[in-house]
Amino acid sequence: MQSIKGVGPKTSVALKSLGIYTKEDVLNIFPKRYTSYFLDDDTHIKKGTLIHPPILSRHKVLKVTFKLQIEDFILSCVAYQQPFLKHILVQGEKYLVRGKFDTHKKIFIVSQLKPIKYENKLISVYDVPEIKDHRIHQIIQSILSEPIEDTLPFYLREQLNLVSRHQAYQWIHFPKNEINIDNALNYFKVEEAWHLFKGIMPIKKRQHLKLTQFNQIEQYVQKLPFELTEDQEKIVHHIVSDAQKIYPLKHLIQGDVGSGKTVVAFLVAVYFMNQGYQVALMVPTEILAIQHLETMQTLFPNIKSVLLTSSVEHKQTIIDNIQHGHVDCVIGTHMLSSKDVKFHQLGLVIIDEQQKFGVDIRKNIIQKALDQDVMYLTATPIPRTLLRSILGDTTIETIQTLPKGKQPIKTISVSYDALSGIINQIKQALIHEQHIYVVVPAIDSDHVTYNILHTYHVLKSHFNEDLYVLHGQMPKHEQKKIVETFKKSSQGVLLSTQMIEVGIDIKTATFMVVLEAEYFGLSQLHQLRGRLGRGNLKGICYVVSKKPEDERFELLEKTSNGFEISEHDLYLRGPGDLLGKVQSGLPPTKFLDFIEDAQLIQKTHNIYKSMK
Ligand code: ADP
Ligand code: MG
């Protein structure tokens, strides 16, 4: 550092203590903000000539007083706590002062003073401890007096109209105007995106698994109690044939709630298991795990499948069986990712509702697979650019169409006035042996009228023994029991928190009432109503709120397209909420905003791909 003009031993030490060792590091001390010294748009800036030497006074307070001649007017100035001004100010020189006029004392209180050369400039402010901004300016200026190598390919810069790296640094530190800053930022954003793409680990070639063609898939498909949709069939074949290639699977199956992702995943799982490899299916809740296990055992009775969650009985035996290869398919919660669970020959990891898991959990379980084959399932469409940053180069498969005979769900947004009518409708439905969900946002919160406690009392008087209650504070085994009895009962009303959002699959569920709907996100409401129409009965979802004409609810009434809905949600709430925990899986960025800069990221990615 000391080879740079303006850096003495003292500055060098100060820089080191900030972790700044190289010229590059200095250039990358980006300004925290800019102060402008444009005379016309800031009435608190004055320009004048110093007419007397300044006077330093230490009486009571430390202050420097001086007078500036501004045209034919003399401005008396005072600067507090800046004794060094006494030595800097030169009589006869012109200065810019920023401050406030004290009309009472008739004096201009100076907060900042700059030589005239700053006039009409934007000055970068760094706020670095121990080193003054003007020193940083000096050092950077000196570094920028030499050429700087470009790190981005020329083609990329040309395509995206980017300035050179040297110019970008020049403009970020010494802009002439706002446009300079924008152009510089644009450069750094692309640079960041570029390195992000370069940093995504290329998938390693297959090393362990030997997967051959397998014709029995058709037999399994034939045995299903329903016909696969075109999309389902196509995706199963895609994935199975991809698995035979030299790279392991890294596929994401996107599809709206109820589009039938599970069976697609299971068929691929069967393909792996039939070649002697284990499959692990990780899901966010125990209820969903049980549900999947039941589906697996019904659809594929020959497969040795087992449940593993933190609350199963004989856990150790199950874990031992997994390790010794006595089971083919393990279905469970995040517990599967724990160190204690070892596999015999894990071929494939399937992560359902992937947006519910953080990076570490996903990574831990994927690493257990021999070649790290992974398949993600999600009903929450994530913008592709985001996805790449989260999951790397993933192949995305989308199920567009819902299974035949799937009844559309009618959504109706109403106010609380409609409640008694709805209760009567529920009574009618119960006569026809149907299942009804009533969903509320909280268990006993005071913020909402319709929490579990209150709603229970309201419903109890109407439905008595047909009423079931489910929420997250109940012990796990009780939750399980409730869901089972509700499912087995000929009819019933299940009062629940949003925990039924994923999983529960009851074909005779026809009715849903979401109370205090404003407390739910748009995607969440969409996911919730997806619990209906699972069989061939029509579903009606009442969304009850104080503001039934809210645009969010209107959108729900209008469209059943989950992609449209989650896109809207993304704009309304930002990615943090939508992606939940996955947000923590996004790489930290200095310049890029994954939503705002989505287009720029996409363009950069396209060029990246074309140049690879
Ligand atoms: P999701 O994509 O939301 O996970 P599921 O896989 O749970 O949806 O499927 C929803 C329901 O649709 C399940 O009851 C499943 O058995 C059923 N299903 C899936 N595929 C078909 C199909 N091709 N025809 C009829 N029903 C289907
Ligand atoms: Mg599902």
Side-chain angles (χ1 to χ4, degrees), residues 217-218 220-237 239 251-270 281-301 305 329 331-333 349-357 375-382 396-409 435 437 483 487 498-510 512 523-539 541 560-563 565-566:
I217 281 272
E218 262 328 301
Y220 282 92
V221 171
Q222 295 303 326
K223 282 197 203 123
L224 292 174
F226 44 73
E227 209 178 308
L228 288 184
T229 62
E230 215 173 289
D231 283 348
Q232 285 174 318
E233 183 140 10
K234 191 181 71 194
I235 293 173
V236 171
H237 283 103
I239 300 182
H251 285 51
L252 176 98
I253 305 176
Q254 272 190 351
D256 212 345
V257 189
S259 59
K261 298 180 288 286
T262 316
V263 70
V264 172
F266 281 1
L267 284 165
V268 177
V270 167
L281 168 58
M282 185 167 77
V283 301
T285 66
E286 174 155 30
I287 294 179
L288 188 51
I290 295 168
Q291 189 109 39
H292 278 334
L293 184 79
E294 282 169 8
T295 309
M296 183 59 114
Q297 289 174 339
T298 323
L299 298 182
F300 309 103
S305 46
C329 181
I331 301 177
T333 50
V349 170
I350 303 170
I351 303 180
D352 193 12
E353 307 287 346
Q354 69 86 22
Q355 75 279 5
K356 303 256 171 193
F357 293 100
M375 222 158 54
Y376 301 101
L377 315 186
T378 185
T380 309
I382 307 168
I396 300 165
E397 303 275 8
T398 307
I399 307 184
Q400 300 279 6
T401 47
L402 293 185
K404 263 194 241 100
K406 267 251 141 41
Q407 295 293 333
I409 301 149
H435 288 83
Y437 299 109
V483 173
K487 251 173 125 168
Q498 67 191 57
M499 30 180 328
I500 60 156
E501 184 188 16
V502 288
I504 299 189
D505 189 12
I506 298 176
K507 303 248 182 306
T508 47
T510 50
M512 176 176 289
S523 297
Q524 222 172 5
L525 288 169
H526 177 66
Q527 187 101 3
L528 277 170
R529 69 178 172 178
R531 299 302 112 214
L532 301 177
R534 301 231 135 204
N536 37 27
L537 292 172
K538 272 202 184 111
C541 176
S560 55
N561 183 326
F563 290 81
I565 285 167
S566 92

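Read the numbers this way: they start at 1 and go in the same order the structure lists the ligands and their atoms. All values reported here derive from a predicted model rather than from experimental measurement.
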K.L.:
Ignoring hydrogens and geometry, is there a side-chain-to-backbone donor-acceptor pair from Arg531 to Ile500 under 3.5 Å?
P.N.:
yes

K.L.:
Considering the heavy atoms of Thr229, write down every atom of ligand 1 situated less than 4.0 Å from one of them.
P.N.:
23 (N)

K.L.:
Quick test of your reading of the structure: of Thr262, Ile253, Thr401, Val264, whose heavy atom lies closest to atom 5 (P) of ligand 1?
P.N.:
Thr262

K.L.:
Working to the nearest 0.5 Å, report the span between OG of Ser259 and CG of Leu377.
P.N.:
9.5 Å

K.L.:
For Gln232 and Gly260, indicate whether the former's side chain and the latter's backbone hold a donor-acceptor pair under 3.5 Å.
P.N.:
yes

K.L.:
What's the verdict on side-chain contact (heavy atoms from CB on, under 4.5 Å) for Ile290 and Val483, showing C-alpha distance, side-chain angles and the deciding distance?
P.N.:
CA-CA 10 Å; Ile290 295 168; Val483 173; over 6 Å; no

K.L.:
Using a strict cut-off of 4.0 Å, indicate which atoms of ligand 1 neighbour a heavy atom of Glu227.
P.N.:
22 (C), 23 (N), 24 (N)

K.L.:
Going by heavy-atom distance to atom 1 (P) of ligand 1, choose the closest among Glu230, Lys261, Lys507.
P.N.:
Lys261

K.L.:
Atom 25 (C) of ligand 1: which of Pro403, Ala265, Gly260 has the nearest heavy atom?
P.N.:
Pro403

K.L.:
For the residue pair Phe300 and Tyr220, does the interplanar ring angle fall in the parallel (under 30°), tilted (30 to 60°) or perpendicular (over 60°) class?
P.N.:
tilted

K.L.:
Please report the interatomic distance NZ(Lys234) to CD1(Ile399), rounded to the nearest 0.5 Å.
P.N.:
9.5 Å

K.L.:
Go through ligand 1 atom by atom and flag the ones less than 4.0 Å from a non-hydrogen atom of Ser259.
P.N.:
2 (O), 8 (O)

K.L.:
Please check whether Val263 reaches ligand 1 - meaning an N/O of the residue sits under 3.5 Å from an N/O of the ligand, judged on distance alone.
P.N.:
no

K.L.:
Would you check if Leu228 and Phe226 make a side-chain contact, meaning some heavy-atom pair closer than 4.5 Å?
P.N.:
yes

K.L.:
Which atoms of ligand 1 sit under 4.0 Å from any heavy atom of Leu228?
P.N.:
23 (N)

K.L.:
If the contact criterion is a heavy-atom separation under 4.0 Å, does Gly255 count as touching ligand 1?
P.N.:
no

